[in-house]
Amino acid sequence: MPDEVKPNVNEAPTHDAQLAADNIASGEEKAPTVDFDADYAAAQQFSVSEIDRTGEGSAAAQEATAPKQNVPKTEEVKTQAQPTGNPKDYADLAKEVGDSQTEGITNVSDDLVKKALEKGERKN
């Protein structure tokens, strides 16, 4: 079922399109028709290559997408910290983290120091 193209002169993006729209509107040229169903069917024929219609297409796709290097399988390693119950272990860990030059850095402002001092005074 072909549809007739109805160009609008005011919406034509180029001068050539405006001229074509004028010619169609005046009857000098015949308006083109478009058969969407036939165009879609023709496009479906082009969307599948000849090699994909045979068994070779699947093999070619496998070869084209196969990895070039062998990647070893990953092994899952489980680690479990043994509880010691010794508070000194935690204190040593806290010192290590506190001495870090790159981790746990925060901006300390005067307001933050003032709040900390006020909290310290309340507990005494």
How far apart are the closest heavy atoms of Glu63 and Lys68, and which atoms are they? O-NZ, 4.4 Å

Residues passing the side-chain contact (heavy atoms from CB on, under 4.5 Å) test with Asp39, sequence neighbours excluded, are Val34

Should we say atom NZ of Lys78 is surrounded by more than 12 heavy atoms from elsewhere, each under 6.0 Å from it? no

Which pair of heavy atoms, one from Lys30 and one from Ile24, lies closest together, and at what distance? O-CG1, 4.3 Å

Check the surroundings of atom CD in Glu56: do more than 12 heavy atoms from other residues, nucleotides or ligands lie under 6.0 Å from it? no

Could you check whether atom CD of Gln62 has more than 12 heavy atoms from other residues, nucleotides or ligands sitting under 6.0 Å from it? no

Heavy-atom closest pair (Pro72 atom, Asn70 atom, distance to 0.1 Å) is CD-O, 3.8 Å

